[in-house]
Each structure stands twice: as structure tokens, then as C-alpha cells.
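The figures that follow rest on heavy atoms only: side chains count, while hydrogens, waters and symmetry mates do not. Proteins come first, then strands; the chains are lettered A, B, ... in the order of their sequence lines, and each starts at number 1.
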Number of protein chains: 4
Amino acid sequence: MKDNSKEEFTTRQHRGAKRRAKTRADLLAAARKVFAKKGYHDTSILDITEAADVGVGTFYLHFRDKDEAFNTLIDEVFHILEEQVIAEVRSHEAITLSVTVQSIFRHAYAQRDLFSIALASGAQVSRTIRVEDTIARGLIRVFEQASRPADLQDYDIPLLACLVTGVIAQGIIWWFDQDEPGPDEMAEKVLALLAHGLPASLFTLT
Amino acid sequence: MKDNSKEEFTTRQHRGAKRRAKTRADLLAAARKVFAKKGYHDTSILDITEAADVGVGTFYLHFRDKDEAFNTLIDEVFHILEEQVIAEVRSHEAITLSVTVQSIFRHAYAQRDLFSIALASGAQVSRTIRVEDTIARGLIRVFEQASRPADLQDYDIPLLACLVTGVIAQGIIWWFDQDEPGPDEMAEKVLALLAHGLPASLFTLT
Amino acid sequence: MKDNSKEEFTTRQHRGAKRRAKTRADLLAAARKVFAKKGYHDTSILDITEAADVGVGTFYLHFRDKDEAFNTLIDEVFHILEEQVIAEVRSHEAITLSVTVQSIFRHAYAQRDLFSIALASGAQVSRTIRVEDTIARGLIRVFEQASRPADLQDYDIPLLACLVTGVIAQGIIWWFDQDEPGPDEMAEKVLALLAHGLPASLFTLT
Amino acid sequence: MKDNSKEEFTTRQHRGAKRRAKTRADLLAAARKVFAKKGYHDTSILDITEAADVGVGTFYLHFRDKDEAFNTLIDEVFHILEEQVIAEVRSHEAITLSVTVQSIFRHAYAQRDLFSIALASGAQVSRTIRVEDTIARGLIRVFEQASRPADLQDYDIPLLACLVTGVIAQGIIWWFDQDEPGPDEMAEKVLALLAHGLPASLFTLT
DNA sequence: TATGAATGAGGTTTCATTCAT
DNA sequence: GATGAATGAAACCTCATTCAT
């Protein structure tokens with residue numbers, strides 16, 4: 001009997017927690033959809049709760065404000081991005097920029113909606129984690145673990161990471177408008193640019 | 001007498017026009033200052049009119065809404081950018097990417113406040129003209145007028161322009177945070193990256 | 001066996017009742033603490049249930065709303081006040097105002113927190129029993145049982161009770177701010193004022 | 001022409017100011033009415049603006065929040081009370097408690113609605129000026145300027161003022177419930193109590 | 001009986017926009 | 001053309017209350 005009541009108790013606790021988690025997930029999914037459609041600033045709490053089919057107040061049971069929901073969303077995805085890219089890169093013998101960039105583009109493609117929101121929100125939202133920083137951080141790691149560090153002696157690594165991030169971010173924005181090419185072609189083009197640069201004839205007078 | 005009054009009239013007209021133009025300029029200058037300080041979304045019309053020391057209603061005599069004022073501001077600056085870059089490039093014998101990028105960075109540096117607003121606002125503002133587009137357009141022109149067009153045969157020119165724009169935009173954002181290096185070093189680093197790419201050892205397995 | 005189960009049943013019932021009473025007491029104690037700290041209006045049900053360490057819903061198993069909890073609290077204390085003052089007064093040979101006022105001040109001093117809430121809440125709470133009424137009622141009883149009723153012939157007794165209550169209430173509020181003097185000095189000062197009034201020179205022209 | 005335009009200008013300014021003042025007065029009058037009817041806490045901004053027949057936003061053009069409006073109201077009335085009582089007292093040859101108390105009761109009677117709100121709000125509202133303090137301050141002044149100061153040597157003047165205030169406040173609350181007697185009778189009864197105290201037989205055992 | 005997640009009415013507050021002067 | 005008081009839609013957020021577990 002004692003055991004029984006205990007079991008009931010934990011079950012009860014568990015049910016509550018499960019329901020709570022479900023609602024939270026619904027809210028995040030709804031937020032993602034609405035943010036993608038209307039952008040951060042034109043999205044109201046009501047928009048989100050209606051999309052999630054919950055009461056307004058429920059939102060505040062899970063997030064302090066719009067900012068927190070947004071950050072949670074972004075953090076979650078970029079945490080996954082980071083982990084996934086790291087995993088994918090590890091599965092190869094050595095860390096190469098090629099694999100990293102490919103991995104980023106693939107992941108970004110799969111999560112286009114969130115990436116475009118995150119990039120579009122730019123410096124607008126008081127966010128703890130910026131997309132660009134996540135990407136740049138990953139790139140820095142690649143640079144630091146380069147097989148021949150001497151090759152990078154003359155480069156300012158953080159700046160380099162930032163510039164390369166610019167190319168990647170722009171690629172993702174490009175997708176948001178154009179809906180082509182696929183992630184692998186995109187990665188390929190970016191990598192081609194990064195590997196060989198542009199034709200010398202563009203830089204010098206005839 | 002008729003002439004006299006006519007003259008007076010035109011003078012008065014002229015005065016009115018000058019006064020109007022002055023108010024408008026005040027508003028734009030104020031908008032620029034406030035946007036730079038508080039960002040697009042946190043700036044209210046009242047913020048602008050107070051900074052310009054005019055009545056709220058006056059704003060609406062010159063602009064339909066905040067968006068229009070913002071776009072006017074951006075357009076103006078980018079129009080100047082475009083003209084200036086074109087002029088500077090023309091003063092050289094041939095259009096080269098080096099000169100173009102240098103010119104862009106110099107101009108951007110001189111107008112850092114507006115550039116950072118424009119870049120930070122990202123896709124937030126329902127704007128017809130995006131900074132990135134202005135830059136990309138300029139780059140496309142450079143690519144099209146390349147001295148040896150055959151060199152670019154294998155490139156997707158618009159995408160290329162977009163990616164290069166990403167590098168430039170990121171460079172400007174870098175400034176907004178770091179306040180170093182100067183425009184010419186920045187252009188140099190970007191050009192180095194664009195000209196030679198990164199060391200091959202980053203791309204391949206050992 | 002029947003008896004046994006019955007016994008068990010009643011025991012269980014009893015346990016339940018005791019548990020229930022405990023919860024209720026916890027809630028009242030918590031309410032008292034929170035009301036004293038934050039005031040009636042700034043106290044939410046959640047504040048109370050958290051302080052009592054019970055679920056929100058539990059509150060509603062014991063009280064209809066905040067008002068009822070508040071009234072219960074107040075009623076309880078004033079019921080005790082009434083009983084105690086009556087008992088103390090009875091222990092003397094005759095009812096005198098001195099003993100009554102002293103008794104009230106002593107009791108109020110012992111329960112300062114609740115008295116200050118009750119007085120501060122003023123007419124804010126839709127309450128059936130006002131502190132002032134409880135005191136006034138006690139005073140009326142004293143007046144009615146006066147040893148020489150003729151002495152009070154010219155007085156409007158309810159109004160008199162009300163005015164004297166005003167003095168007492170103000171004395172308690174004074175404590176809340178000043179934290180001095182003790183209950184007996186306070187009673188003494190009030191009684192001195194009530195017994196002899198103020199110097200005649202204050203009322204007339206020289 | 002210059003004069004003309006100047007005149008026009010000041011007139012225009014003046015009109016605006018007049019309109020503004022009118023609206024503000026409307027809001028205060030409405031607030032007074034609603035506060036008196038529903039009490040401080042049950043009054044919403046909307047209640048006030050609807051009663052004043054202005055838009056919601058207009059309220060915030062004149063007051064920061066409900067508190068400020070309330071305080072303005074109270075301050076205004078008590079400022080008038082103070083001035084009026086002072087004036088009335090001055091018109092007599094010497095300051096006496098009789099005149100002061102009479103004056104307070106008369107004024108309170110004329111402004112019953114506000115007094116009852118102010119007294120009922122008790123310590124609820126974060127107010128800079130409490131009614132009781134205003135009255136007590138006035139009484140202290142009377143005591144200090146007593147014709148024969150020696151008579152008050154044995155009294156704690158601030159406490160005394162506070163206690164007397166209690167009597168007056170209670171008198172006003174009495175009116176709010178009972179609607180009788182008039183101000184002068186009320187003052188008379190209070191003064192009688194204050195002058196002679198209660199019959200000695202109430203205090204001692206037979 | 002106790003719980004606490006969910007609800008949504010209702011309050012506060014802001015601000016783009018209008019319009020009489 | 002310039003002004004700024006007034007407007008009210010629309011956002012935010014809280015909290016008393018319910019109800020399934």
C-alpha cells in the first residue's frame with residue numbers, strides 16, 4: 001500500500017511534468033513558425049500562444065518574455081548545430097574546413113527557417129548567443145587544429161573566422177530568397193572561393 | 001509694383017522652401033543619431049522629433065512613417081556610396097576589385113554609424129533597398145567589366161557578388177564591435193583572402 | 001473485526017481531519033506573515049501558498065478567496081481580543097475604562113503585526129468586522145455598565161465609543177511607525193487625555 | 001505684422017495650454033468621483049478616463065500612473081485645507097484649538113468624498129502626504145503657539161497631536177457612515193471630550 | 001485531500017497618427 | 001508649414017480561479 005501510494009505519487013508527478021514539457025514544446029514549435037513567418041518584432045505573444053493553441057498566460061509559465069523564448073529557440077538549434085558539426089567532423093580522420101563548411105551548410109539547410117530568423121534578427125535582439133558567434137567559434141576551432149599551423153601564421157584568426165562566417169551567413173540568406181542550389185553545391189562554391197580565391201585579373205590593371 | 005510683389009512672392013516661396021528643407025534635414029540628422037543610438041525598433045517618432053527639436057506632427061509633413069524616414073536615410077547614404085565608389089574607380093585606368101573594395105571600406109568607415117544600423121536592421125525593415133544589395137550591385141558591375149571575362153566563366157556571378165558582400169558586411173560589423181583595424185588594413189585583409197584563398201592544408205587530409 | 005475496521009476508519013478520519021487542520025493553520029500563519037510584510041493588496045494567493053509551502057489549489061480547499069482568508073485571520077484575532085479583554089476585565093471587581101483600555105493596548109501590542117494590517121487596510125477590504133467596530137463594541141459595553149449611568153446621560157454613547165476608538169487606533173498606528181513607548185505607558189497617556197482632557201488655556205482666548 | 005504674428009503665436013500657445021489644463025481638470029474631477037465610489041484599488045485608469053470622457057492615453061499625458069493622480073488629488077485638497085484653516089484661524093485674535101477643530105471639521109464636511117477616500121486608503125497607497133499628518137501638523141502648530149505653554153509641559157506634543165487626529169479622523173469616518181450630525185455639532189462634541197474628558201466614575205472602582 | 005499547469009479576463013502602458021489651432 | 005494635445009488600437013503581463021490527476 002505504501003509502495004502503491006508512492007507509485008501513484010511518482011506517476012502523478014510524472015504526468016504533470018510530461019504535460020508541462022508538451023506545452024513548452026508546443027510553444028517553442030509555434031514560436032518558431034510564427035517568428036519565421038512574421039519576423040521577431042512583428043510577432044506578439046498572442047500570435048505565439050494562438051499558434052500553439054494555449055492561453056496567453058501559459059506563455060509566461062514557460063518563458064519570462066518574448067526574448068527568452070527566442071533565445072531558447074536559437075540556443076537549442078545552435079547547440080544542436082555545434083554538436084552535430086563536431087560529431088560529423090570527428091567521424092573523419094582529420095578536421096578539415098571542407099567537412100566543417102559542408103556540415104554547417106547541411107545543417108543550416110535543414111533548419112532554414114530558424115537560421116533565417118536568427119540571421120535576420122541581426123543585432124536587434126538582446127541575445128546571449130549570436131548565430132555568427134557560434135559559427136565563428138567552430139571555425140576558430142578548425143583553424144587552431146590545422147594540420148600545419150605554420151600556414152596560418154600570417155592570419156588574424158578571429159577576424160578570418162568572422163569573414164568566413166560572413167560568407168556562410170550570406171549563403172544562407174541567399175537561400176532564403178532564391179531557394180537554390182542545394183547545400184552541397186553551396187558548400188562547394190563557398191569552398192572553391194575560399195580555397196583559390198578569385199582570378200588575379202580582377203585585382204590588377206591590365 | 002506687380003514685379004515687385006512677384007519678386008517678394010518668389011522670395012517668400014524660396015524662404016519657405018529653404019525653411020522646409022532645413023526642417024527635413026534636421027529630422028534626418030536627428031533620425032540618424034537616434035537610430036544609431038537606440039536601433040531601429042527602439043526608436044520612436046517622438047525620439048526623432050525631440051532630437052530634431054520640432055513638433056511631433058512636423059515629422060508627418062516630411063515622411064509617411066518611420067520606415068520612410070529610415071529608407072530615405074539609407075538610400076541617401078548608399079546613393080552617395082555608389083556615386084563615390086564609381087567616381088573613385090573611374091579615376092583609375094581600369095576597374096579592379098582592389099580599388100572597389102578599398103573604396104567601399106573607406107566609405108563605410110566614414111559612415112560607420114549608418115552602416116551598422118543598416119546592417120543590424122537586417123531584414124527587419126520592410127525596405128526596398130538593402131545595404132547588401134547596393135554593395136552586391138557594385139560588385140556585379142565590377143565582375144561584368146572584368147578585363148578578361150573568360151576568367152569568370154565558371155562562376156555564378158550574382159552568387160559570387162553576394163558571398164563577397166558577406167565578407168565585406170562582416171568586416172563592417174567587426175568594426176562596430178572591435179574598433180580596429182583601419183579601413184585600408186581591413187580592405188587589404190579581405191582582398192588577400194579573396195585573391196589567394198586560404199592555405200590548402202586546411203581543406204585536405206594530411 | 002468490524003469494530004477494528006471501524007476504529008481504523010475513525011482513526012483515519014481523525015488523521016485526515018488533523019492533517020486538514022494543520023494545512024489550514026499553515027495557510028493562516030503564512031497569510032499573516034505575508035500580509036504583514038506586503039500589505040493586503042500586494043499579497044497574492046501564490047504568495048500565501050508559497051509561504052505555507054502548499055499547492056495553489058490547496059488554498060481554495062480552505063478559503064473561498066483572499067478576502068475570506070483575511071477576514072478569518074482578523075476575526076480570529078479580534079475574537080481572542082474580545083474574550084481576553086472581557087476575561088481580564090471580569091477579574092477585576094468592576095468594569096472600568098482604565099482596565100479596558102490597558103487590556104486593549106496590551107493585546108494590540110502583542111499582536112502588532114495583525115493590528116497594523118487591519119488598521120492599514122482601512123475600509124479597503126469588504127470586511128464584515130472592522131477592528132474599530134470590535135473595539136467600539138467593547139467600549140460601548142463599558143459605558144453601558146458604568147457604575148453611575150447618570151454621568152453619561154449627556155453623551156451620545158456610540159459616537160463617544162467611536163471617538164475613543166479613534167484615539168486607540170491612532171495609538172496603535174503610532175507604534176507601527178515609532179516603536180515606542182510600551183503598551184502601559186501608551187494606555188496611561190490615552191487615559192490621561194480621556195480622563196482630564198486638555199488644558200483649558202488651549203480652548204479660549206486669553 | 002510682426003506684432004500680429006507674435007500675438008497669434010501667444011494666443012495659439014495659450015489655447016493649447018488652456019485645453020490641456022481643462023483636460024487635466026476633467027481627469028482630476030473624474031478621478032475624485034470614481035475613487036470616492038469604488039475606492040482606490042478598485043478604480044482602474046479606464047474607469048477614470050471614461051468618467052472624464054477622454055481617451056485612455058490622455059491619462060498618461062497628465063499623470064505617470066494612478067498613484068500620481070491620487071496624490072495630486074489628495075495634495076491639492078489638503079493644501080487647500082491647510083491654507084484655509086490657517087486663514088480662518090488667523091482671522092481670530094488668538095489661535096485656539098476650538099477654532100482649529102471647528103475649521104477642520106467644516107472643511108472636511110465640505111470635501112467629504114475626498115476625505116473618506118484619503119482616510120480609507122490608509123497606508124495602502126505610497127503617498128507622500130498622509131491626511132493624518134496634515135492634520136497632526138496643524139495641531140502641533142496650535143499646541144506650540146499655546147497662550148500658556150507651561151500648561152503643556154507634561155505632554156508629549158507629537159503624540160498628543162496624533163491622538164487628537166485620531167478623534168478627528170474617526171469623526172469624519174463616522175459621517176461617511178451615518179450622515180449626521182453636522183460639522184459644528186461634531187466639532188462641539190469632540191471639543192467637549194477634549195476639554196473635559198470623560199466622567200471620573202468610568203475610570204475608578206466604586 | 002492536495003496539487004500545480006493551464007486559463008483568460010482585465011489591468012497597465014506605449015506610440016503612431018490625426019487634427020484643430 | 002509647424003505644433004502638440006488627444007486618441008485608441010494593440011501590446012504586455014498578472015493573478016484569481018479551475019480542474020485533471
Subject >> Interface residues of residues 47-66 of chain C with DNA chain E (non-hydrogen, below 4.0 angstrom) >> reply: C:Val54, C:Gly55, C:Val56, C:Gly57, C:Thr58, C:Leu61, C:His62

Original post:
Rounded to the nearest 0.5 Å, what separation is found between the CG atom of B:Leu73 and the CZ atom of B:Phe78?
Top reply: 9.5 Å

Could you pull out all donor-acceptor pairs under 3.5 Å where a side-chain atom in residues 43-58 of chain D meets a protein atom, sequence neighbours excluded?
{"unit_1": "D:Thr43", "atom_1": "OG1", "unit_2": "D:Gly39", "atom_2": "O", "d": "2.7"}
{"unit_1": "D:Ser44", "atom_1": "OG", "unit_2": "D:Leu46", "atom_2": "N", "d": "3.4"}
{"unit_1": "D:Ser44", "atom_1": "OG", "unit_2": "D:Asp47", "atom_2": "N", "d": "3.1"}
{"unit_1": "D:Ser44", "atom_1": "OG", "unit_2": "D:Asp47", "atom_2": "OD2", "d": "3.3"}
{"unit_1": "D:Asp47", "atom_1": "OD2", "unit_2": "D:Lys38", "atom_2": "NZ", "d": "3.1"}
{"unit_1": "D:Asp47", "atom_1": "OD2", "unit_2": "D:Ser44", "atom_2": "N", "d": "2.9"}
{"unit_1": "D:Thr49", "atom_1": "OG1", "unit_2": "D:Ile45", "atom_2": "O", "d": "3.3"}
{"unit_1": "D:Thr49", "atom_1": "OG1", "unit_2": "D:Leu46", "atom_2": "O", "d": "3.1"}
{"unit_1": "D:Thr58", "atom_1": "OG1", "unit_2": "D:Gly55", "atom_2": "O", "d": "3.3"}

**OP:** Please name the pair of heavy atoms, one in C:Arg20 and one in C:His62, separated by the smallest distance, quoted to 0.1 Å.
**Re:** O-CE1, 3.4 Å

Subject >> Taking every non-hydrogen atom, the tightest pair across C:His41 and C:Lys66 >> reply: O-NZ, 3.7 Å

Original post:
Between A:Phe35 and A:Ile117, what is the shortest heavy-atom contact and its length?
Top reply: CB-CD1, 3.7 Å

Original post:
In residues 22-38 of chain D, what residues come within less than 4.0 Å of DNA chain F, judged by heavy atoms?
Top reply: D:Thr23

Original post:
What pair of heavy atoms forms the shortest contact from D:Tyr40 to D:Asp67, and how long is it?
Top reply: OH-OD1, 2.6 Å

Original post:
What is the distance from NZ of A:Lys18 to P of E:dA6, rounded to the nearest Å?
Top reply: 14 Å

**OP:** Keeping to residues at least two apart or across chains, list the side-chain hydrogen bond (donor to acceptor under 3.5 Å, both in side chains) pairs with something in residues 26-35 of chain B.
**Re:** B:Lys22-B:Asp26, B:Arg32-B:Gln111, B:Arg32-B:Asp113

**OP:** Show the numbers, then the answer: is there a side chain to side chain contact (heavy atoms under 4.5 Å, CB included) between A:Ile74 and A:His79?
**Re:** CA-CA 8 Å; A:Ile74 300 292; A:His79 201 228; over 6 Å; no

Original post:
Between F:dG1 and B:Arg20, is there an OP1 or OP2 to side-chain N/O distance shorter than 4.0 Å?
Top reply: yes

**OP:** Take atom CZ of C:Arg19 and atom P of E:dT3, then tell me their distance rounded to the nearest Å.
**Re:** 7 Å

Original post:
Where is the tightest heavy-atom contact between D:Val77 and D:Phe115, given as atom of each residue plus distance?
Top reply: CG1-CE1, 4.4 Å

**OP:** Starting from P on F:dC12, measure out to CG on A:Asp42 and report it in whole angstrom.
**Re:** 11 Å

Original post:
Which stems does DNA chain F form, counting runs of 3 or more consecutive Watson-Crick or G-U wobble pairs with both distances under 3.5 Å?
Top reply: E:2-21 with F:2-21

Original post:
Whole-Å distance between E:dG8 C1' and A:Ile45 CD1?
Top reply: 15 Å

Original post:
Rounded to whole angstroms, how far apart are NE2 on A:His41 and P on F:dA11?
Top reply: 14 Å

Subject >> Intermediate values then yes/no, side chain to side chain contact (heavy atoms under 4.5 Å, CB included), B:Leu28 and B:Phe63 >> reply: CA-CA 10 Å; B:Leu28 281 175; B:Phe63 307 100; 3.8 Å; yes

**OP:** Only counting residues at least two apart or in another chain, list the ones meeting salt bridge (charged side-chain N to carboxylate O under 4.0 Å, His left out) with C:Glu68.
**Re:** C:Arg64

Original post:
C:Thr43 or A:Thr43: which one's nearest nucleotide on DNA chain F is closer to the 5' end?
Top reply: A:Thr43

